*Asks:* 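Pasting a structure here, questions to come.
Just so you know, these numbers come straight off a predicted model, no measurement behind them. Positions are given from 1, in the same order as the sequence printed here.
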Amino acid sequence: MARAGSVGAAADALVQALARAAVSAGEAVGGYAAGVYLRSGSGDLLQLALFTGLPLPLFRPWWRMQVNRPFPVAEAYRSGQAVHLPDAASAMSRFPQLVAGLPFPFASLYEPVVAGAERFGVLLVLRPATPGVPVGARDRRRLREAAERLAGELAKLSAAGEPVAWEGDPVAVPPPPPGAGAVAADARRAVDRLAQAVLSLDRQGRIGFVNSAAEHLLGTGAGQLQGRLLWEALPWLGHPSYDDHFRAVFMSSEPVHFSARRGRHPPGEWLSVGLYPAPDGVTVTIGTADPPAYPASAADTGADGGSPTDGASTLYRPVALAIALTEAVTARQVSAVVTEELLPAFGGRQLAIYLLDERHLHLAWETGFPRGFLNRFDGVALDVRLPGVETLTTGRPLFFESMQRLAAAYPGIPLDADVGARAFLPLIASGRPVGSCILGFDAPRGFSPEERTVLTALAGLIAQALARARRYDSEAALAHGLQAALLPHRLPVRRHVETVGRYLPGSAGMDVGGDWYDVVETGSGRLALVIGDVQGHGVAAAATMGQLRSAVRAFALAGSTPEQVVRGTNRLLIDLDPGQFASCCYVVLDPASGSAQAVRAGHPQPLLRRPDGRTEVLDLAGGVVLGVDPEAAYPVTELRLAPGAVLALYTDGLVELPGVDIDEGVERLRAALASGPPVPLAEAADRLIGDAADRPDDIALLLASLTGGGERPAPR
């Protein structure tokens with residue numbers, strides 16, 4: 001079983017095979033980093049065996065991964081299928097836990113390493129994000145070929161008796177040493193003229209070039225810096241509050257700037273740090289900086305970062321907010337989550353969220369500001385000089401440690417208070433502007449590097465959730481409109497028979513579903529009562545519902561028998577192939593005689609309340625749901641309704657609750673229909689629906705009753 005070590009010490013066949021695969025895969029698809037996860041000896045753990053292109057210490061939390069975790073590498077291993085995430089939006093929609101820990105714009109590709117029935121691990125490549133552009137077929141093929149070559153090599157090692165598993169730390173593969181260029185000496189002289197310290201890092205975080213100012217400013221000679229990891233050579237940069245800055249610059253192509261304190265016991269001077277990434281490494285600049293006017297407590301912690309809970313709290317904030325955001329469906333729910341999770345974590349009092357629409361920012365949510373104060377900023381264009389606008393147009397967060405600093409930066413800007421602090425965060429999802437977020441504080445305060453990092457990361461999560469919520473709101477509005485147009489606006493009015501229909505959308509923030517009901521005058525004096533439920537929710541379910549309702553109407557008006565109506569609708573749904581199935585109950589009633597014929601396709605059994613109040617669950621013969629078997633048969637059951645009897649057709653949302661047997665729900669509905677003296681049909685329908693107002697799924701209900709005047713039914 002292989003164990004970690006340096007590449008030179010572990011130059012065995014397994015490590016060489018992994019290194020070849022990672023390097024070739026990264027080069028083949030334009031990646032800046034690549035690696036291989038292998039199964040552990042126990043089989044329930046994936047271990048990062050080898051990696052190249054990133055400093056491994058920064059990514060220690062991801063060295064080991066349980067195979068059942070909701071992360072893309074575990075998903076690729078479990079399913080045996082590749083996972084391609086071209087941008088942050090796709091990662092947020094499928095794996096929010098990944099984005100919570102790494103809220104940066106990057107693409108990641110995961111290819112399972114499989115030989116026959118044996119799963120060895122996963123080959124992964126990180127590369128720049130391509131927002132809105134999926135991974136191309138050529139790159140998919142190249143990555144798959146690299147994984148297949150690696151799988152072949154690992155299979156040979158396994159056949160030779162070598163267990164292909166991994167324990168311990170991963171191996172870091174360094175980049176090839178750079179060649180000496182003709183302009184190297186001139187470049188050295190140019191950089192040595194700078195007053196700032198300039199260091200060059202490779203993709204492992206190891207220091208290469210060091211200019212003369214670095215030796216003077218940092219008090220360490222070039223010989224003591226070169227070849228060492230940055231955080232070992234300059235331990236004060238290894239404070240946990242700076243980790244996200246370095247992760248961001250190694251994961252994306254955007255430069256990063258922050259302030260850092262050199263030494264904490266006794267407190268050292270403040271320095272400005274700039275990080276400039278490129279595919280072959282990162283340039284670091286370090287210069288002197290003024291201390292923050294209002295130092296935050298997080299910036300003044302001890303050398304170990306303060307209390308033992310500080311690190312856990314820093315990790316908890318983005319993770320807790322990310323988990324809550326995954327459950328928020330609408331833009332209003334997202335804003336409420338931000339209010340409940342973000343403000344208390346940072347001691348904020350005010351929050352405002354503006355959303356971008358046609359190059360104007362519109363106020364979507366506010367709390368804590370004086371009533372009406374923010375109305376003057378509602379609808380501002382993107383060319384107006386305001387901090388809430390400029391944070392979005394530049395993509396940079398803006399922090400003002402006092403209201404005086406805000407007023408000095410934006411002369412003449414209306415202020416809601418004389419004392420306080422403000423943070424303006426850009427809401428950008430996958431490179432697309434969504435809006436801006438304003439955090440307000442009642443007292444002047446500084447924003448430590450840790451807080452700036454966390455707030456910036458959280459802004460990215462909020463933007464992703466808002467973008468998703470706006471798509472949901474648009475689809476929900478379309479689905480609601482579509483369903484409202486397709487459901488019957490009124491039911492036929494006939495002598496001797498009364499019908500009442502009700503529809504109730506789900507109450508758990510879900511899309512509308514495919515439940516429907518209808519009453520059709522067949523032209524032969526009879527009424528067709530129909531109720532159905534299309535699997536799923538949203539626009540697709542509503543559209544399928546409309547097609548089925550139209551089909552049932554067409555077959556009924558053509559004079560088809562009940563069996564022919566349901567069989568024809570079943571074949572139509574299969575021919576349409578929407579990838580959905582539906583249940584249905586179809587009853588043809590003769591109001592004159594009370595006789596009825598009923599056909600059921602996988603639908604809940606109707607209820608019948610007799611004139612004396614006795615209520616029973618009918619036992620109709622039935623066939624399979626629609627859309628599954630083109631040869632399915634649907635037997636007909638003969639019924640007879642007495643004047644005053646009530647027939648109840650309903651969908652499963654009325655009787656089904658999570659964790660409760662559906663038979664219990666049917667019995668509760670039967671008891672509710674049986675209770676009390678006879679009441680008008682509309683009142684009975686409202687009572688039955690009202691009892692289910694908090695159900696998560698949508699509900700359809702259709703009641704029919706003979707009002708007398710027809711032939712008396714024969715005694716049963």
*Asks:* Quick one: do D139 and H84 satisfy side chain to side chain contact (heavy atoms under 4.5 Å, CB included)? Show the steps, please.
*Replies:* CA-CA 10 Å; D139 287 346; H84 300 125; over 6 Å; no
*Asks:* Measure the CG-CD1 distance between L361 and I353 for me, rounded to the nearest 0.5 Å.
*Replies:*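 Result: 12.5 Å between the selected atoms.
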*Asks:* If the condition is ring-ring contact (aromatic ring centres under 6.0 Å, His included), which residues does W62 pass it with, not counting sequence neighbours?
*Replies:*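 In terms of ring-ring contact (aromatic ring centres under 6.0 Å, His included), with neighbours along the sequence ignored, W62 is linked to no residue.
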*Asks:* Once salt bridge (Lys or Arg N to Asp or Glu O under 4.0 Å) is applied, what residue pairs with a partner in residues 368-397 remain, sequence neighbours excluded?
*Replies:* R385-E390
*Asks:* My understanding is that only residues two or more places apart in sequence, or in another chain, count here; which of them pass side-chain contact (heavy atoms from CB on, under 4.5 Å) with D87?
*Replies:* A89, S90, A129, P131, S430
*Asks:* For H245, which residues count as a ring-ring contact (aromatic ring centres under 6.0 Å, His included) partner, sequence neighbours excluded?
*Replies:* F258
*Asks:* By ring-ring contact (aromatic ring centres under 6.0 Å, His included), which residues pair with Y276, not counting sequence neighbours?
*Replies:*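 Only H257 meet the ring-ring contact (aromatic ring centres under 6.0 Å, His included) criterion with Y276.
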*Asks:* Find the distance between CG (L201) and CG (L275) and round it off to the nearest 0.5 Å.
*Replies:*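 Here the rounded value is 8.0 Å.
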*Asks:* Output every pair passing salt bridge (Lys or Arg N to Asp or Glu O under 4.0 Å) with a member in residues 408-421, not counting sequence neighbours, ordered by first then second residue.
*Replies:*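 Matches after skipping sequence neighbours: D416-R422.
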*Asks:* By side chain to side chain donor-acceptor pair (under 3.5 Å), which residues pair with E75, not counting sequence neighbours?
*Replies:* R78
*Asks:* Considering only heavy atoms from C-beta outward, does the side chain of F399 approach that of L455 to under 4.5 Å?
*Replies:* yes
*Asks:* Are W231 and L58 packed together at the side-chain level, in the sense that at least one heavy-atom pair is separated by less than 4.5 angstrom?
*Replies:* yes
*Asks:* Would L351 and C437 satisfy side chain to side chain contact (heavy atoms under 4.5 Å, CB included), going step by step from the backbone distance to the final call?
*Replies:* CA-CA 7 Å; L351 170 72; C437 176; 3.5 Å; yes
*Asks:* Can you find a pair of side-chain heavy atoms, one from I207 and one from V284, that are under 4.5 Å apart?
*Replies:*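 A side-chain contact is absent here, since even the closest heavy-atom pair is not under 4.5 Å.
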*Asks:* Applying salt bridge (charged side-chain N to carboxylate O under 4.0 Å, His left out), name anything that partners R349, two or more places apart in sequence or on another chain.
*Replies:* D442
*Asks:* Starting at CG of L466, measure out to CG of L356 and round the result to the nearest 0.5 Å.
*Replies:*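 With rounding to 0.5 Å, CG (L466) is 12.0 Å from CG (L356).
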*Asks:* Using the test ring-ring contact (aromatic ring centres under 6.0 Å, His included), find all partners of F441 that sit at least two apart in sequence or belong to another chain.
*Replies:* F447
*Asks:* Kindly write out the residues that satisfy side chain to side chain donor-acceptor pair (under 3.5 Å) with D243, not counting sequence neighbours, or none if the list is empty.
*Replies:* none
*Asks:* Could you list the residues that satisfy side-chain contact (heavy atoms from CB on, under 4.5 Å) with A364, not counting sequence neighbours?
*Replies:* L355
*Asks:* Enumerate the residue pairs fulfilling ring-ring contact (aromatic ring centres under 6.0 Å, His included) with a member in residues 356-395, sequence neighbours excluded, ordered by first and then second residue.
*Replies:*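 Of all non-adjacent pairs touching residues 356-395, those that pass ring-ring contact (aromatic ring centres under 6.0 Å, His included) are F373-F377.
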